[in-house]
Peer 1: 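Take this structure, written in structure tokens, and hold onto it; I'll ask about it next.
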There are 2 protein chains.
Amino acid sequence: MKAPRAAGKSRRGAETIICTVDVVLLSLLDDSLHVALLKREREPFSGALALPGGEIKAGVDLSAWDAAARMLKAKTGVQGPYLEQLATFSGPGRDPRGWSISVAYCALVSAELLQNAGSALHVVPVNRLPALPFDHRSIINVAVTRVRSKSQYSSLPVYLCGNRFTLPQLQSVYEAVLGEAINKVSFRRKMDELGMLEPISGAFEVGRANRPAQLYQLRRAFRRRLSLLERAINAGH
Amino acid sequence: MKAPRAAGKSRRGAETIICTVDVVLLSLLDDSLHVALLKREREPFSGALALPGGEIKAGVDLSAWDAAARMLKAKTGVQGPYLEQLATFSGPGRDPRGWSISVAYCALVSAELLQNAGSALHVVPVNRLPALPFDHRSIINVAVTRVRSKSQYSSLPVYLCGNRFTLPQLQSVYEAVLGEAINKVSFRRKMDELGMLEPISGAFEVGRANRPAQLYQLRRAFRRRLSLLERAINAGH
DNA sequence: TGAATAGTGTCTTTGAGACAATATTGC
DNA sequence: GCAATATTGTCTCAAAGACACTATTCA
């Protein structure tokens with residue numbers, strides 16, 4: 001056993017800062033946003049559900065974004081999703097080991113992709129979060145607020161869909177995220193204006209007792225980049 | 001002199017991460033955004049112009065925001081401005097001492113307040129930046145982009161005005177930040193809609209050869225909080 | 001009185017939502 | 001054909017911009 005030493009303090013008395021990343025992995029299940037949580041395997045809070053995350057490894061990671069992508073892949077199996085920096089949380093009180101910084105990231109994946117990911121994942125609705133360690137509850141709330149806000153005027157929700165989807169499917173994703181109905185004609189005008197979608201020629205959603213819907217995919221240029229609107233998708237509230 | 005040791009490495013071989021904050025202090029001079037820079041007094045890049053910033057002190061700061069506010073006051077004399085987290089920049093290459101994180105903040109002040117601040121400040125236009133150390137140029141660019149973007153649908157630019165201002169003055173601040181003309185009638189409708197301003201009864205801008213303009217101030221509730229719009233201030237482009 | 005700019009009224013244009021008509025499928 | 005939903009056309013309403021008119025000051 002090592003010699004006892006105050007947690008997070010170096011020998012010279014200057015407190016070391018703990019540098020971590022946390023990932024809020026979101027997806028849409030049953031028309032409501034869900035977040036992926038994991039049982040912690042280490043202290044502090046060993047055994048508790050928490051966001052996937054961990055310490056940045058200076059010898060391994062080339063940036064905090066890289067650290068987040070590495071952590072996400074290692075802990076959940078999810079690889080190459082939409083992954084965006086959210087905000088940085090810091091202070092002496094958020095981690096019992098001492099003064100810490102967490103660079104939080106937000107990842108969006110399709111429900112399908114999340115199902116195929118690690119079975120160790122606990123996927124819970126964001127409006128029924130269990131008690132969470134650290135400030136993970138606030139981090140999730142910031143993520144959800146950001147996603148809802150950005151969805152008003154951008155193509156963000158397409159990352160909650162799979163590779164191919166119909167316009168009615170995409171509209172219902174927008175409606176679920178925004179929590180309000182959207183006019184069908186306006187929605188289609190907006191999607192056209194965003195210019196990020198292309199119909200997959202000859203591909204339709206079949207098997208239902210109605211006119212089949214055209215399948216669309218993201219244009220190559222928008223696979224990793226958002227498309228922005230001047231005006232919100234749903235103007236009236 | 002201390003015993004030689006590889007920069008940024010602890011004795012156990014795990015590289016220590018350098019935790020800093022940087023503040024992009026912006027103001028509007030001559031209708032264009034300017035940023036405040038300081039001559040660095042320490043290595044690395046001693047003597048070079050750079051953003052005010054420095055290492056987070058775990059023993060002193062209660063958060064990265066606190067560290068930014070402390071640094072800003074100590075280095076520029078500016079106290080209690082609008083101060084908002086921007087993003088976090090990180091990696092092994094941005095600081096020659098080793099793997100580093102910088103939590104960047106954006107501060108907005110009136111030109112008047114900046115003039116009265118420390119005379120050591122070098123206030124330069126953001127579109128004519130000198131060569132800067134670290135990744136300070138990217139940080140400034142992100143700040144400017146964010147400010148322009150937020151100004152489209154919020155009250156952000158009021159923090160570039162003094163305590164009292166006229167609507168024509170505020171409009172010209174918006175126009176300078178957004179880089180485009182705004183319809184006068186629409187602008188006034190929007191300011192009314194934002195609901196953040198109150199006329200200072202009986203106070204007018206006098207001394208000019210025209211009808212005097214009503215002076216306004218921020219309502220108490222909005223002294224530190226933004227007010228947001230559903231739609232952008234300038235819809236057409 | 002005239003120049004200058006503040007502040008307001010109102011018409012026109014643009015864009016969003018309502019509604020409905022048409023298109024295609026499985027049964 | 002009928003039920004169901006996709007897709008599109010068009011009318012209505014509200015918001016944004018253009019323009020002009022009135023208000024008030026100094027020279």
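Every chain is numbered from 1 and lettered A, B, ... according to where its sequence line falls, protein lines coming before strand lines. Just so it is clear, the model here is predicted, and its values are computed rather than measured.
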Peer 1: If you take atom types as modelled and just measure distance, does the side chain of B:K184 reach the base of C:dG7 with a donor-acceptor pair under 3.5 Å?
Peer 2: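 Pair found.
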Peer 1: Show every donor-acceptor pair shorter than 3.5 Å between a side-chain atom in residues 31-40 of chain B and any protein atom, with sequence neighbours excluded, or say none if there are none.
Peer 2:
unit_1: B:H34; atom_1: ND1; unit_2: B:S32; atom_2: O; d: 2.8
unit_1: B:R40; atom_1: NE; unit_2: B:P44; atom_2: O; d: 2.7
unit_1: B:R40; atom_1: NH2; unit_2: B:P44; atom_2: O; d: 3.2

Peer 1: Can you list, by residue number, the residues of residues 156-175 of chain B that have a non-hydrogen atom closer than 4.0 angstrom to DNA chain D?
Peer 2: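 When residues 156-175 of chain B is checked for heavy atoms under 4.0 Å from DNA chain D, there are no hits whatsoever.
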Peer 1: Assess whether one donor atom and one acceptor atom, taken from the side chain of B:R189 and the base of D:dG17, lie less than 3.5 Å apart.
Peer 2: yes
Peer 1: Given A:V21, which partner from the list A:L51, A:D61, A:I56 fulfils the side-chain contact (heavy atoms from CB on, under 4.5 Å) test?
Peer 2: A:I56
Peer 1: What does A:R208 touch in the nucleic acid at a heavy-atom separation under 4.0 angstrom: a base, only the sugar-phosphate, or nothing?
Peer 2: sugar-phosphate
Peer 1: Of A:G207 and A:F187, whose closest DNA chain C nucleotide lies nearer the 5' terminus?
Peer 2: A:F187
Peer 1: Test of understanding: with ring pair (Phe, Tyr, Trp, His ring centres under 6.0 Å), list the residues that count as partners of A:Y216, not counting sequence neighbours.
Peer 2: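 For A:Y216 there are no ring pair (Phe, Tyr, Trp, His ring centres under 6.0 Å) partners, ignoring immediate neighbours.
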Peer 1: Can you find an N or O donor on one side and an acceptor on the other, under 3.5 Å apart, linking the side chain of A:N183 with the base of C:dA16?
Peer 2: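 Answer no: no donor N or O sits under 3.5 Å from an acceptor.
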Peer 1: Does atom CZ of B:R223 have more than 12 heavy-atom neighbours from other groups under 6.0 Å away?
Peer 2: no
Peer 1: Just to be sure I understand the rule, does B:V185 reach a base, reach only the sugar-phosphate, or reach nothing, if contact means heavy atoms closer than 4.0 Å?
Peer 2: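 Base, at least one base heavy atom under 4.0 Å.
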Peer 1: Who are the ring pair (Phe, Tyr, Trp, His ring centres under 6.0 Å) partners of A:F89, not counting sequence neighbours?
Peer 2: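 With sequence neighbours excluded, A:F89 shows a ring pair (Phe, Tyr, Trp, His ring centres under 6.0 Å) to no residue whatsoever.
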Peer 1: Where along residues 210-218 of chain A does a heavy atom fall under 4.0 Å from DNA chain D?
Peer 2: A:N210, A:R211, A:P212, A:A213, A:Q214
Peer 1: Name all pairs fulfilling the side chain to side chain donor-acceptor pair (under 3.5 Å) condition that reach into residues 153-169 of chain A, sequence neighbours left out, sorted by first residue then second.
Peer 2: A:Q169-A:E205
Peer 1: Do A:M196 and A:M191 have side chains that get closer than 4.5 Å, going by heavy atoms?
Peer 2: yes
